[in-house]
Protein chains: 2
Amino acid sequence: MKEVLPTFNSAVSIDCVLFGFDEGELKILLIERNEEPFKDWWALPGNLVKPDESVDQSASRILHELTGLSNIYMEQYYTFGEVNRHPQGRVITVAYYALLRLSNEKSLKPLTSFAKKAQWINVQQLPPLAFDHLNIFDKGLEKIKRRIKYLPIAFELLPEKFTLTQVQHVYEVILGKKLDKRNFRKKILSFGVLKELDEKQKGVSFRAATLYKFDRRKYAKLYGKEFSF
Amino acid sequence: MKEVLPTFNSAVSIDCVLFGFDEGELKILLIERNEEPFKDWWALPGNLVKPDESVDQSASRILHELTGLSNIYMEQYYTFGEVNRHPQGRVITVAYYALLRLSNEKSLKPLTSFAKKAQWINVQQLPPLAFDHLNIFDKGLEKIKRRIKYLPIAFELLPEKFTLTQVQHVYEVILGKKLDKRNFRKKILSFGVLKELDEKQKGVSFRAATLYKFDRRKYAKLYGKEFSF
DNA sequence: ATATAGTGTGTATTTGTTACACTAAGTAGT
DNA sequence: ACTACTTAGTGTAACAAATACACACTATAT
């Protein structure tokens with residue numbers, strides 16, 4: 001094993017794939033690294049786990065440092081433990097995906113304490129990534145593809161009030177395929193967890209769509225932990 | 001943080017939930033611990049990850065030490081990283097489930113290098129477990145419940161040649177519910193990945209059932225990575 | 001007034017899911 | 001040889017869900 005940085009031995013880190021949905025595109029937040037190794041490369045936001053925090057707490061902290069927000073929806077999905085994944089020593093990393101509503105104001109102002117800058121980048125156009133981060137991202141996308149079929153995670157990416165077309169776009173971009181409008185609406189409404197509001201979309205130059213919101217209460221009552229899209 | 005065992009700081013371990021299917025029962029292999037903490041308690045087999053092995057390799061090694069076998073089907077499913085899950089220091093553990101064919105000869109002869117003894121125990125009748133191992137087990141069972149619906153893992157628990165009734169029993173015991181015989185057969189055969197053999201069950205005191213085997217080749221060709229039970 | 005762009009809706013067809021019960025075949029005992 | 005026993009093996013009807021598909025409506029901008 002590498003002796004370069006003995007303090008790295010058996011270190012545990014967290015990496016986060018923070019997804020956002022904006023203008024019909026699925027994006028992730030990447031940072032530009034400030035330090036070797038992979039200085040100036042794009043990377044997933046991440047950090048070492050501190051002795052006094054659980055891995056979940058560590059992920060929360062990293063997301064908080066990045067965005068200034070608490071209570072971001074996140075879930076652990078895989079641990080990457082190849083011996084040589086970090087060039088300076090042994091670092092096992094626990095990966096989380098996280099989902100964020102990108103309202104237009106706050107979308108591009110992450111704090112940048114541990115990187116030169118951070119930027120939302122379309123998942124279709126990712127630059128080369130540091131370490132094994134491309135692999136980590138791929139597996140994360142795979143996970144949300146699966147989980148959007150039984151967990152109501154689409155609504156974590158949307159504003160509180162949304163149109164059915166927006167929901168459909170989230171499903172389409174995550175699943176990577178077009179869906180039929182009528183069938184989609186029938187299905188998503190059939191779950192009985194969307195509440196139609198007495199309110200219409202604003203600021204569009206065409207017929208305004210009805211707004212809905214996700215009813216967590218009904219969801220919990222009807223499905224407990226999961227539905228089946 | 002605990003200073004009792006400073007070498008424990010940020011250690012990473014592996015724990016394995018090794019499932020076996022025997023006489024219609026789903027069992028896991030537990031060890032009786034030889035050392036403090038939790039001396040004499042039952043626990044999941046596990047060990048620290050060594051500096052020169054990946055987490056996957058570490059899990060393989062542990063399974064090999066336990067059973068003498070290589071190439072056991074296994075998959076990582078979650079990492080448990082609460083600060084106080086280990087009383088003597090910080091140990092983050094990566095959990096794997098593994099699936100084993102229990103043929104009658106080899107079933108109860110695991111090597112016991114890091115435990116007093118090891119024993120197959122019905123998952124319905126688990127004793128109290130050391131650490132947070134009950135939690136780790138629960139989450140593992142949940143995972144295979146989900147994954148048996150889209151991965152051909154049932155066949156990992158069965159001998160190479162098996163009857164359809166045996167397959168059904170595996171599904172029933174993992175999903176925790178009875179299934180209709182005719183509907184089950186229709187469905188499992190409709191996948192087109194079972195090969196009917198010119199051979200019957202032996203040694204039974206009633207009409208012998210036809211034997212089948214799982215055709216990995218066809219499976220890969222038809223489904224690539226997954227089907228949908 | 002009209003062009004434009006997205007909203008919102010119904011039905012027929014196909015496919016999959018569920019519920020359900022009897023006969024066939026082999027073994028063991030007499 | 002017969003009988004009793006135990007599991008294997010099979011079909012269909014009713015219902016539910018998934019799919020494929022097209023047009024009129026409405027708000028806005030010009």
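Because the structure is predicted, anything quoted here is derived from the model rather than measured. To find a chain, count down the sequence lines: A is the first, B the second, and so on, and within it residues start at 1.
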Between P of C:dA5 and CD of A:Gln201, the distance in whole Å: 16 Å
Under a 4.0 Å N-O cut-off, is there an ion pair linking [X] with [Y]?
| X | Y | result |
| --- | --- | --- |
| B:Arg146 | B:Glu142 | no |
| B:Lys181 | B:Glu172 | no |
| B:Arg85 | B:Asp132 | yes |
| A:Glu75 | A:Arg147 | yes |
| B:Arg216 | B:Glu156 | yes |

Expected output: side-chain B:Tyr96 to main-chain B:Asp56 donor-acceptor under 3.5 Å: yes
A:Ser205 side-chain N/O to C:dA5 phosphate OP1/OP2 under 4.0 Å: no
Under 4.0 Å protein heavy-atom contacts per nucleotide of nucleotides 17-25 of chain C, with B for base, S for backbone only and - for none: SBBBB--BB
Whether B:Phe191 and B:Phe227 hold their rings parallel, tilted or perpendicular, with breakpoints at 30° and 60°: tilted
B:His133 and B:Phe131 aromatic ring geometry - parallel, tilted or perpendicular at 30°/60° bounds: tilted
Upstream residue (5' side of DNA chain C) when B:Lys200 and A:Ala209 are each assigned their closest nucleotide: A:Ala209
First and last nucleotide of DNA chain D, 5' to 3', lying under 4.0 Å from heavy atoms of chain B: D:dT6 to D:dT12
Sugar-phosphate only, base, or nothing, as touched by A:Thr210 at under 4.0 Å among non-hydrogen atoms: sugar-phosphate
